[in-house]
Amino acid sequence: MVKKTYTASDIEILKGIEPVQKRPGMYTDTSNPNHLLQEVIDNCVDESIAGFCNSITIQINTNGSYTVSDDGRGMPVDEHPEYKKSGVEVIMTNLHSGAKFSNKNYKYSGGLHGVGVSVVSALSEKLTINIERSGDKNLYQIAFSDGLVKNKLSIVGKSPKTSHGTSITFKPNSKYFDNQDIEIIRLHKLIEAKSILKPGLEITVDDSKYKTGKKVYCHSGSLDKFLKSKLNSSSLLPMEPLLIELENDSYEVATTVCWHIDNENIIQDSYVNLIPTSDGGTHVNSLKSAVTDSIRDFMISHKITPKNLKIIPDDIWKNTSYLMSIKLSDPQFVGQTKNKLQSTSIGSKLSTQLKDRLELWLNNHSDSAEEICNIAIKNAQARLTNSNKTTKPSTKNSIMPSRLSDCSSKDININELFLVEGDSAGGSAKQARDRKFQAILPLRGKILNTWEVSSSKILESKEVQDITTAIGVRPGDSDLSSLRYGKICILADADSDGLHIATLLIALFVKHFPDLVLNDHIYVALPPLYRLDYKNNTLYAISDDHMSEILAKQKIKSNDKNLAITRFKGLGEMNPSQLRETTLTPSSRKLLLLSLDEKHKDIKKLNMMLSKKTASDRKLWLEKKGNLAQTS
């Protein structure tokens, strides 16, 4: 029950690590604990970048805990002059505390916010730290529970005089995560990349839980050699990927680039201070700009471009593989998960330096450069040929639907389009979105059942035509070069009507845009059906079963007088802040990737549910499994 009065006494001030426990999705990826583990590993890697750590060991324990050890300097055990507590306690119990806000201890680091490891403490039911300091014969230990000190820092044993380093063991608290299991393959890919980016650093993964065994990563080769080994292709230009290394007072950069003749097995990965930036950012944009401009200039100066053919960036970039690693003393990321770099101050300078190196290489290797230019020309010709096949103007020249609220970014790698059920929900979504990369297209009512309609006929439907124009790809078209959004997300109400609309949209993409599905461009958003208010906590559930799971996990009885349950009748009932937190923000939302099984069982089920000829089969299915329609 909301109070009618609102006074100063109602204002809450969250202290220490309380903000993390109140809104964990703002600080980490709550789908699983991978990011928590990465935060601890990143601190060890920072020690290595600074020149004080040569080996890191990651143990995945059978009881669901993780142990990360390094041979760095060891976390500080002396008393902080202001807080009168040990340095390690200050770091673990206060947000924005650490030694990485200046360059005194770390020139380059990933833990620049002073937030990461305290988030791990806040979201772990148990966390223990063992510390050895060089020249100090003592072994120190401190323990935490739910972010609070359980056992103060104390000496628990003796340590060899030459030993030094930190060992952190933590067990994530299940109430903060949708899944307690980490993605083990993702972890191994991360560790492999870090070992490549920091030659000589030995990282061991010892897995007792998922039974993947013990694996040691340690590399001394350069970035270009690693890229070639990963691509394992004979159709590369050049055969030995181009390597560019830059260093100045602002940054250190290593990037390797090559082009594919066959456009297969492309790798495009970037890192900042050895942290993967899956959404790219300033550094990647600078590389793209440099590649595009240098090749365009080469084509002009060598008179390679055919008459009346305009080469666009996608024609050049479509066949490009790259790895890029940049080290910055003060990187600015988008959010605590650090998936995207937004340090705008380096963009222009970095792009110019990269372009200079690329132009030098192109002019010194003119034969290979001309072959690369020919790839771009073929891509441009294919794009125009495909465009001319259509009876209507290309999407690029088409007038966008009036109801589309587009994003400002033109980068397909980050752009997202949400197909939203209804104008009311569309209005909330427009206010809740990030205008930079999220676009909203409201749909009116249930769209046409396109399952048994030809690709040419479905464009007679205004809703389908709007979707086609917005995404930039026509029904039945396998050329995705004009695709405007990397993620197309179906966002419908969590009730039965919403599920019906979502099914019709899924059928549209599976039947008429199969290449979008096969290339992982279609997603289904999972908005909440319930809001649960319990004391000072707010939780969201996407279904009845999910609500029961949450209540059981939180040990809350359904008849508890402190529990208030609100059922959303539709997305339009959610205010923009709720929709942003639960459904649109990448770090806290739930998205399902639309994919099809190899045995075509999904196609058969869709046919049974949507075809006019299968009415009798559909009736039998509903009689047997009609109860599923209430809970799905």
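Along the sequence shown, residues are numbered consecutively beginning with 1. Only this structure's heavy atoms are used, side chains among them; waters, hydrogens and symmetry mates stay out.
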**Q** Report yes or no: does Arg484 contribute a side-chain atom to a donor-acceptor pair with the main-chain N or O of Ala470 at less than 3.5 Å?
**A**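 Side chain of Arg484 to backbone of Ala470, a donor-acceptor pair under 3.5 Å: yes, one is there.
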**Q** How far apart are the C-alpha atoms of His188 and Tyr217, what are their side-chain angles, what is the distance that settles it, and do they pass the side-chain hydrogen bond (donor to acceptor under 3.5 Å, both in side chains) test?
**A** CA-CA 9 Å; His188 278 278; Tyr217 294 90; 2.7 Å; yes
**Q** Would you call Asp42-Lys194 a salt bridge at under 4.0 Å N-O?
**A**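 Result for this pair is yes, salt bridge flagged.
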**Q** Checking Glu39 against His35 for the side-chain hydrogen bond (donor to acceptor under 3.5 Å, both in side chains) test, could you report, in this order, the C-alpha distance in whole Å, the side-chain angles of both residues, the deciding distance, and whether it holds?
**A** CA-CA 6 Å; Glu39 289 284 6; His35 184 246; 3.2 Å; yes
**Q** Parallel, tilted or perpendicular, judged at 30° and 60°: which one describes the rings of Phe298 and His302?
**A**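 Correct class here is parallel.
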**Q** Using every non-hydrogen atom in the two residues, find where Trp259 and Ile316 come nearest and quote the distance to one decimal.
**A**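 Residues Trp259 and Ile316, closest heavy atoms: NE1-O, 3.7 Å.
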**Q** Please report the shortest heavy-atom distance between Val517 and Phe509, naming the atom on each side.
**A**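 Smallest interatomic distance, heavy atoms only, reads CG2-O, 3.8 Å.
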**Q** Would you call the rings of His365 and Trp361 parallel, tilted or perpendicular if under 30° counts as parallel and over 60° as perpendicular?
**A**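 It falls in the parallel class, under 30°.
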**Q** Run the side-chain hydrogen bond (donor to acceptor under 3.5 Å, both in side chains) check on Ser481 and Asp479 step by step: do they pass?
**A** CA-CA 6 Å; Ser481 61; Asp479 180 9; 3.0 Å; yes
**Q** Take atom NZ in Lys214; do more than 12 heavy atoms of anything else shown fall under 6.0 Å from it?
**A**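 12 or below, so no.
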**Q** Could you check whether Lys457 pairs with Glu460 (Lys NZ or Arg NE/NH1/NH2 to Asp/Glu carboxylate O, under 4.0 Å)?
**A**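 Glu460 and Lys457: salt-bridged.
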**Q** Mind running side chain to side chain contact (heavy atoms under 4.5 Å, CB included) on Ile346 and Leu341 for me, showing each step along the way?
**A** CA-CA 11 Å; Ile346 67 165; Leu341 180 70; 4.2 Å; yes
**Q** Between Phe513 and Thr468, is there a side-chain heavy-atom distance shorter than 4.5 Å?
**A**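 Counting from C-beta outward, Thr468 and Phe513 do come under 4.5 Å.
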**Q** Decide yes or no on side-chain hydrogen bond (donor to acceptor under 3.5 Å, both in side chains) for Asp206 and Thr204, but give the supporting numbers first.
**A** CA-CA 6 Å; Asp206 190 356; Thr204 303; over 6 Å; no
**Q** Taking the side chain as every heavy atom from C-beta outward, state whether Arg383 and Asp314 have any pair of such atoms under 4.5 Å apart.
**A**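 They are not in contact (no side-chain heavy atoms under 4.5 Å apart), so the answer is no.
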**Q** How about Ile467 and Leu505: do any of their side-chain heavy atoms sit closer than 4.5 Å?
**A**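 Yes; the side chains approach each other to less than 4.5 Å.
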**Q** Are the side chains of Ile41 and Ile191 in contact, using a 4.5 Å heavy-atom criterion?
**A**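 Yes, their side chains come closer than 4.5 Å.
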